[in-house]
Amino acid sequence: MAEEKLPTRSQDFSEWYNQLVLKAQLADYAPVRGCMIVRPYGWALWENIQQALDRRFKATGHQNVAFPLLIPRSFIDKEQHHVEGFSPELAVVTVGGGEELAEPLVIRPTSETIIGHMWSKWIQSYRDLPVLMNQWNSVVRWELRTKLFLRTLEFYWQEGHTAHATREEAEAETRQMLDIYTDFAVNDAAIPVIPGKKSDAEKFAGADVTYSIEAMMGDGKALQSGTSHFLGQNFAQAFEVRYLDQKGELQHCWTTSWGLSTRVIGAIIMVHGDDQGLVLPPKLAPYQVVIVPIYKADEEKSLVLDTARKLKAELAKANIRVTLDEREGSSPGWKFNDWEMRGVPLRIELGPKDVAKQAAVLARRDRPGREGKISASLADLPVTVERLLAEIQQALHDKALAFRKANTHDAKMYDELKTAVETGFAFSYWCGSAECEAKIKEETRATMRCIPLEQSGGPGVCVYCGKPAAERAIFARAY
RNA sequence: CGGGGCGUAGCGCAGCCUGGUAGCGCGCCUGCCUUGGGCGCAGGAGGCCCCCGGUUCGAAUCCGGGCGCCCCGACCA
């Protein structure tokens with residue numbers, strides 16, 4: 001129940017976020033440090049995200065699989081960069097059934113190694129390729145500092161893994177999946193994202209190239225919201241994933257992996273939320289519409305509720321996710337605030353006056369207050385609702401894009417970059433050297449988020465060292 | 001691992017300094033009344049006061065030790 005007001009976003013963005021996640025009942029803290037319980041409302045949101053992605057994965061030929069949670073410790077050690085990257089954050093099982101294990105098992109931090117191991121058995125011929133797999137699961141990384149949805153010890157995600165005969169095919173797959181994430185973010189989550197390439201310092205442990213989609217949160221900080229890795233032949237060599245080509249020659253496969261996690265829920269909260277609470281994009285919202293009935297006397301109550309129930313059935317028939325708030329003992333005003341806090345895109349207020357007119361009051365979540373309310377005829381309500389939901393979906397995206405543009409600066413001078421990253425993104429020329437990247441990070445706390453795929457303006461000079469630079473990169477403070 | 005905060009009713013907290021009947025607000029339950037922007041009244045239920053040890057006639061309170069969680073930095077999706 002929402003008994004107290006949230007801090008405003010400008011007062012304390014971090015505290016606003018923490019309290020909102022709890023109050024909206026998306027998630028709660030687990031008894032173990034850094035772990036999270038996803039509550040029904042949060043999981044419903046995740047299920048909608050899963051469906052939106054899963055149908056895209058299936059449409060591009062991927063199949064779902066389930067690999068085990070436990071991985072032999074030695075597997076992690078087989079790929080040099082992988083072991084360096086992940087060793088510090090592994091959870092290790094050393095005892096099973098009361099006995100010390102001969103070989104410790106790690107709880108998967110990601111599944112490249114065990115999948116590589118199995119592929120080496122399954123893949124023999126070019127006819128076996130490509131292998132296109134995905135799994136929905138959870139993984140464990142022993143993070144030092146955690147935050148609900150954004151970084152927890154265990155988190156839910158999907159990890160896609162593919163193996164190909166050629167470099168070109170694997171590279172195309174890597175980019176295809178990045179495009180899918182972008183499409184999902186923009187069209188379903190209403191989050192404008194910048195797809196781009198990571199620096200060597202920021203790339204996945206074991207990848208040749210890492211791409212990501214980067215989004216700007218409501219406080220101007222960046223959040224990496226999905227990644228796609230071109231793994232080259234690194235894992236194929238470590239696990240001997242080989243095939244015979246048409247000429248009868250033994251070749252190593254080229255592999256990819258790509259993932260998107262419940263972290264994207266954090267992005268949805270921080271991109272669209274306002275001081276009243278969540279604002280969920282209609283395409284992913286667990287409830288797209290809530291009907292709040294209003295009545296005094298008993299005759300009114302039955303009249304209003306009968307109408308409301310019919311309305312609910314009609315909307316549900318039109319495939320609109322709708323709920324009717326029949327809770328006794330809470331006033332309509334209380335319910336308005338409650339559902340606003342929980343981010344339902346559209347509210348229908350139905351009272352005796354409306355029923356008499358055969359109309360209802362519609363209130364858009366993205367336009368708070370009385371001015372956002374309109375009266376609509378009951379006769380064609382499903383059509384009106386569908387139109388409004390589409391408008392809200394678009395409006396959320398446009399607002400977020402406008403915000404990002406307003407807080408992104410083409411910083412040419414280093415001083416401009418320093419100022420820009422205080423409140424948002426700096427889009428600056430970078431020579432590509434790790435030294436410049438490290439210095440910028442050290443001096444501004446901003447990291448190189450990505451080199452956007454979309455470039456314009458030709459070459460320039462590095463914002464830090466002044467040497468020639470081919471491309472511009474996004475620098476920002478990040479979650 | 002460094003810095004800070006906190007552990008007392010489901011939640012938020014007071015009480016601790018100065019030891020002596022465990023409290024307040026919200027929520028919850030019952031009834032009445034209300035309901036178009038976080039209603040009101042009355043009654044009620046609910047406690048290993050984080051754990052272990054010490055001091056004391058007596059510990060939520062004092063002393064020692066431990067554990068846990070949250071926030072801020074370094075590491076990361």
Side-chain angles (χ1 to χ4, degrees), chain A residues 1-6 12 14-15 17-19 22-23 25 28-35 84-90 109-110 138-159 181 198 201-205 207 210 212-215 222-229 257-267 276-277 292-298 300-301 304 325 327-341 347-355 360-361 363 368-370 372-373 375 441-442 445 447 449 477-479:
Chain A
M1 292 292 156
E3 62 283 346
E4 276 166 36
K5 287 202 166 80
L6 291 165
D12 188 342
S14 181
E15 193 51 28
Y17 176 88
N18 287 337
Q19 288 191 23
L22 299 175
K23 280 181 199 288
Q25 297 180 9
D28 204 346
Y29 293 104
V32 177
R33 176 193 78 84
C35 292
E84 284 168 11
F86 280 106
S87 285
E89 50 188 48
L90 291 178
T110 178
S138 70
V139 292
V140 169
R141 299 180 186 177
W142 213 263
E143 301 290 350
L144 300 176
R145 200 174 143 202
T146 58
K147 198 174 179 74
L148 292 170
F149 287 117
L150 299 183
R151 189 173 299 102
T152 47
L153 296 199
E154 179 186 14
F155 60 93
Y156 296 88
W157 75 345
Q158 55 71 216
E159 48 175 323
Y181 288 150
K198 286 286 189 185
E202 299 275 338
K203 77 184 183 188
F204 175 75
T210 287
S212 72
I213 51 173
E214 300 286 329
L223 184 75
Q224 178 175 313
S225 308
T227 50
S228 186
H229 314 293
S257 68
W258 26 277
L260 184 144
S261 75
T262 39
R263 172 178 251 202
V264 80
I265 292 174
Q276 301 303 312
V292 177
I294 299 157
Y295 46 79
K296 290 195 182 89
D298 277 351
E300 285 180 355
K301 179 177 173 182
V304 167
D325 189 348
R327 283 178 290 182
E328 299 282 352
S330 300
S331 68
W334 192 90
K335 290 177 179 175
F336 294 168
N337 282 285
D338 191 45
W339 289 111
E340 275 172 14
M341 187 269 295
R347 179 179 69 242
I348 299 181
E349 304 172 9
L350 189 73
K353 292 181 225 165
D354 306 295
V355 177
V361 172
R370 290 173 192 277
K373 294 191 184 185
S375 184
K441 182 178 179 181
E442 192 184 313
R445 284 167 47 218
T447 49
R449 302 317 305 156
R477 291 180 186 159
Y479 278 97

Rounding to an integer number of angstrom, what distance separates [N] and [M] when you compare their [atom1] atoms?
N	M	atom1	value
B/C33	B/G43	C1'	15 Å
B/C62	B/A45	C1'	34 Å
B/G3	B/U61	P	26 Å
B/A74	B/C17	P	40 Å
B/C39	B/G27	P	9 Å
B/C28	B/C70	C1'	26 Å
B/U55	B/C63	P	16 Å
B/G46	B/U30	P	16 Å

What nucleic acid atoms does [X] come within less than 4.0 Å of, heavy atoms only: base, sugar-phosphate, or nothing?
X	answer
A/Val32	sugar-phosphate
A/Lys353	base
A/Gln224	sugar-phosphate
A/Thr262	nothing
A/Leu150	base
A/Val361	base
A/Lys373	base

Heavy-atom side-chain contact between [X] and [Y] under 4.5 Å:
X	Y	value
A/Ser212	A/Thr227	yes
A/Val139	A/Phe155	yes
A/Arg145	A/Arg151	no
A/Ser225	A/Leu260	no
A/Tyr29	A/Leu22	yes
A/Ser14	A/Lys147	yes
A/Asp338	A/Arg327	yes

**Prompt:** How does protein contact run along nucleotides 71-76 of chain B, one letter per nucleotide 5' to 3', with B for base contact, S for sugar-phosphate only, - for none, heavy atoms under 4.0 Å?
**Reply:** SSBBBB
Spacing of [X] atom [atom1] relative to [N] atom [atom2], expressed in whole Å:
X	N	atom1	atom2	value
A/Asp28	B/C69	CG	P	14 Å
A/Glu328	B/C28	CD	P	14 Å
A/Lys335	B/U35	NZ	P	14 Å
A/Asn337	B/G36	CG	P	11 Å
A/Gln19	B/C70	CD	C1'	12 Å
A/Met341	B/G37	CE	P	19 Å
A/Lys301	B/C33	NZ	C1'	14 Å
A/Gln276	B/G38	CD	P	13 Å

**Asked** Under 6.0 Å between ring centres, would you say that holds for A/Phe204 and A/Phe86?
**Response** yes
**Fill in**
Of A/Glu202 and A/Pro352, the one whose closest nucleotide on RNA chain B sits nearer the 5' end is A/Pro352
**Fill in**
The answer to which of A/Thr152 and A/Gly329 contacts RNA chain B further toward the 5' end, by nearest nucleotide, is A/Gly329
Checking base pairs now: Watson-Crick or wobble, both atom distances under 3.5 Å. What partners [N]?
N	answer
B/C69	B/G5
B/C24	B/G12
B/A42	B/U30
B/C48	none

**Asked** Is it true that the NZ or CZ of A/Arg347 lies under 6.0 Å from the centre of A/Phe336's six-membered ring and within 45 degrees of the ring axis?
**Response** yes
**Asked** Phosphate oxygens OP1/OP2 of B/C39: is one of them under 4.0 Å from a side-chain N or O of A/Ser331?
**Response** yes
**Item:** N-O pairing of A/Lys335 and A/Glu349 below 4.0 Å
**Value:** no
**Request:** Between B/G38, B/U35, B/G37, spot the one nearest the side chain of A/Pro332, thanks.
**Result:** B/U35
**Prompt:** On a plain distance test, is the side chain of A/Asp354 in donor-acceptor contact with the base of B/G36 below 3.5 Å?
**Reply:** yes
